[in-house]
Amino acid sequence: MQGGNTLAIAGERATGMEVRTQNVTAALSVANVVKSSFGPIGLDKMLVDDLGEVTITNDGATILSQLEVEHPAARVLVQLSEMQDKEVGDGTTSVVILAAEMLKRANELVKNSIHPTSVMAGYRLAMKESVKFIKDQLVVKTDKLGREIGMQIAKTTLSSKIFGRESDFFANMAVDAMHLVKETNPETGKTIFPVKSVAIVKQHGGSAKDSRLLNGYVMFGGRAAQGMPRVVKNPKIALLDIDLRKTKMAMGVSVVVTDPKKLEEIRQREADITKERIELLLAAGTNVILTTKGIDDMALKYFVENECIALRRCKKEDLRRIAKLTGGTVMITLADMEGNESFDPSMLGVADEVSEERIADDDYLLIKGGKTQRACSVLLRGANMHMLDEVDRSLHDAMCAVKRALESSSVVPGGGCVEAALSIFLENFATTLGSREQLAIAEFAEALLVIPKQLAVNATQDATDIVAKLRANHNAAQTDATKAELRRVGLDCISGKIQNNLAAGIIEPALSKVKMIQFATEAAITVLRIDDMIKLHPQEEGQ
């Protein structure tokens with residue numbers, strides 16, 4: 001044996017400083033991937049996967065989820081951006097950049113022989129104070145601000161996307177879509193805006209400006225037979241997960257028939273089973289049938305005669321959404337408790353009208369006006385699929401941002417304003433502490449400045465100069481009560497000037513900023529706690 005304390009393991013072990021440096025380097029390399037795609041003048045990334053599928057995007061979460069990151073510490077950052085995407089929908093790039101910067105600075109402190117626990121305690125304290133400061137000083141309540149505020153939020157989110165210049169058009173669309181699906185919970189009286197109620201249909205051809213918002217649910221696929229009507233008013237919609245084809249014997253079932261006449265009866269019965277099912281549906285007053293399975297010609301004949309619209313091979317998720325919209329229930333089987341088959345009319349969904357429309361080259365089914373809640377669909381047009389996918393992601397981000405702002409009814413100025421204000425506030429706060437955490441909080445304050453710096457760099461401005469100006473303004477706002485207005489000052493990336501971003505309409509949901517700081521701090525602390533990494537070698541299979 002070598003020295004007394006070597007651990008006999010089939011693998012390698014790295015401890016202390018070595019692990020920390022490795023982890024920080026890995027985190028920084030992940031952040032560097034998304035750094036240049038940050039902000040309104042960020043650049044796009046082109047990702048090609050192992051099958052040669054190309055994704056062109058500058059949405060942080062999309063970029064990182066496409067990267068297959070090996071290093072465990074770097075994977076923490078990837079999960080971090082996914083989390084931000086789920087919780088807020090926007091701010092995925094900034095959260096990664098901030099977390100990596102915090103890690104880098106924490107690592108410097110640990111090198112200067114400050115215990116990681118002190119650093120973590122300082123970071124936690126700084127996080128709490130930051131959130132408090134945002135809520136007390138920077139938040140602007142939006143109850144009194146109408147549609148305009150939604151527009152500005154959507155425009156701010158969209159400005160960093162592929163069609164930054166067209167942001168008015170899509171911002172309008174995002175805000176209209178969110179207002180169409182607005183619901184109020186009768187018990188709590190809270191208003192919610194379910195983003196999932198907005199279906200996004202992509203159809204290439206035309207230009208991005210040809211996209212439109214349709215009030216109703218749009219489903220890909222036309223009527224199953226030509227004889228069916230194109231429009232049904234006040235439809236009763238049956239949502240089925242049942243095969244409406246001739247019933248066949250189950251696999252592996254064999255029947256020995258001695259009398260040839262019986263063979264004909266079996267055939268007849270097979271056809272009748274389906275016919276009875278269809279009669280059950282029609283007796284309940286159904287005139288629109290949507291099923292995830294097939295419908296054969298014999299079944300279509302009955303539907304055509306009764307002037308119903310039938311659609312086969314619908315997607316399950318479409319049916320679930322339609323069920324929510326129309327108040328119907330998706331039926332998996334028609335069997336009832338007695339062992340017979342029955343269909344209860346209460347299972348039917350209702351709407352104002354179901355119609356088939358031809359959009360570009362494909363047929364779509366439009367369901368307008370539901371019973372329980374509203375739904376709307378956005379039909380996106382664009383030159384090619386890459387562009388449509390990117391527009392889809394951007395619009396989703398914008399709708400999430402609008403939803404967050406409207407639900408929490410509080411916004412903050414964008415363009416590095418919050419970060420610069422927090423940095424000044426935390427530096428002053430750090431000097432009031434007489435403990436070790438002081439250093440960690442000062443570094444946290446410095447780390448926050450990475451956001452305005454990166455914004456300025458991507459906007460091809462002089463970062464040092466701009467950040468200095470921003471800080472000077474925020475310092476004045478926090479020390480001199482007469483200049484309190486300056487606390488809303490942020491950076492305008494296009495002109496490179498410092499301006500009042502609240503007045504300029506560059507705003508973000510407050511929730512986005514709060515979550516960003518909380519998530520980034522948590523992620524930095526998670527990685528910082530690690531001081532030992534043991535990697536086992538894969539066992540070799542014996543011959």
Taking [X] for the side chain and [Y] for the main chain, is one N or O donor matched with an acceptor at less than 3.5 Å?
X: T156; Y: I507; value: yes
X: R487; Y: L138; value: no
X: R404; Y: S512; value: no
X: Q499; Y: G490; value: no
X: N112; Y: L109; value: no
X: N384; Y: M387; value: yes
X: H71; Y: N23; value: no
X: S118; Y: I114; value: no
X: K483; Y: A477; value: no
X: D44; Y: T57; value: no

Should R20 and D531 be marked as a salt bridge (Lys or Arg N to Asp or Glu O under 4.0 Å) after you check the CA-CA gap, both sets of side-chain angles, and the distance that decides it? CA-CA 7 Å; R20 250 181 228 111; D531 79 324; 5.1 Å; no
Would you check if [X] and [Y] make a side-chain contact, meaning some heavy-atom pair closer than 4.5 Å?
X: L422; Y: F444; result: no
X: V119; Y: H115; result: no
X: C376; Y: L213; result: yes
X: I451; Y: F38; result: yes
X: L80; Y: E82; result: no
X: L380; Y: Q203; result: no
X: D492; Y: I498; result: no
X: M127; Y: E522; result: yes

Would you call [X]-[Y] a salt bridge at under 4.0 Å N-O?
X: E101; Y: R105; value: yes
X: K513; Y: E419; value: yes
X: R13; Y: D532; value: yes
X: K535; Y: E12; value: no
X: K202; Y: E390; value: no

Stepwise side chain to side chain donor-acceptor pair (under 3.5 Å) test for K45 and S36: CA-CA 9 Å; K45 307 285 178 205; S36 60; 2.6 Å; yes
For [X] and [Y], which heavy atoms make the closest approach, and how far apart are they?
X: A442; Y: A430; value: N-CB, 4.1 Å
X: Y217; Y: A199; value: CE1-CB, 3.7 Å
X: L426; Y: A126; value: CD2-O, 3.9 Å
X: T92; Y: G60; value: OG1-N, 3.5 Å
X: A456; Y: I466; value: CB-CD1, 4.2 Å
X: A100; Y: A27; value: CB-O, 3.9 Å

Separation of [Y] [atom2] from [X] [atom1] (nearest 0.5 Å):
X: T55; Y: H386; atom1: OG1; atom2: NE2; result: 8.0 Å
X: L470; Y: C417; atom1: CG; atom2: SG; result: 8.0 Å
X: I63; Y: S37; atom1: CD1; atom2: OG; result: 4.0 Å
X: S377; Y: Y364; atom1: OG; atom2: OH; result: 10.5 Å
X: T432; Y: E427; atom1: OG1; atom2: CD; result: 12.5 Å
X: L158; Y: M173; atom1: CG; atom2: CE; result: 11.0 Å

Apply side-chain contact (heavy atoms from CB on, under 4.5 Å) to S207 and R381, showing your working. CA-CA 6 Å; S207 79; R381 306 298 305 275; over 6 Å; no
Could you walk me through whether T479 and N475 pass the side-chain contact (heavy atoms from CB on, under 4.5 Å) test, one step at a time? CA-CA 6 Å; T479 46; N475 189 35; 3.8 Å; yes
Ring geometry between F133 and F425 (parallel below 30°, tilted from 30 to 60°, perpendicular above 60°): parallel
Begin with the C-alpha distance, continue with both residues' side-chain angles, and end with the deciding distance and a verdict on side-chain contact (heavy atoms from CB on, under 4.5 Å) for M399 and I200. CA-CA 12 Å; M399 290 193 306; I200 295 186; 4.3 Å; yes
Quiz question: by atom type and distance under 3.5 Å, do the side chains of E443 and Y123 form a donor-acceptor pair? no
Going by atom types alone, do N458 and Q454 pair a side-chain donor with an acceptor below 3.5 Å? yes
Has R436 got more than 12 heavy atoms of other residues, nucleotides or ligands less than 6.0 Å from its CZ? no
Around K111, counting heavy atoms of other residues, nucleotides and ligands shown, do more than 12 lie under 6.0 Å from its NZ? yes
Run the numbers on V131 and Q518 for side-chain contact (heavy atoms from CB on, under 4.5 Å), then give the verdict. CA-CA 8 Å; V131 173; Q518 286 174 335; 4.1 Å; yes
Using the rule side chain to side chain contact (heavy atoms under 4.5 Å, CB included), only one of L64, L77, V95 pairs with V34; which is it? L64
Can K104 and E446 be said to form a salt bridge (Lys or Arg N to Asp or Glu O under 4.0 Å), step by step? CA-CA 11 Å; K104 184 172 121 191; E446 278 291 303; over 6 Å; no
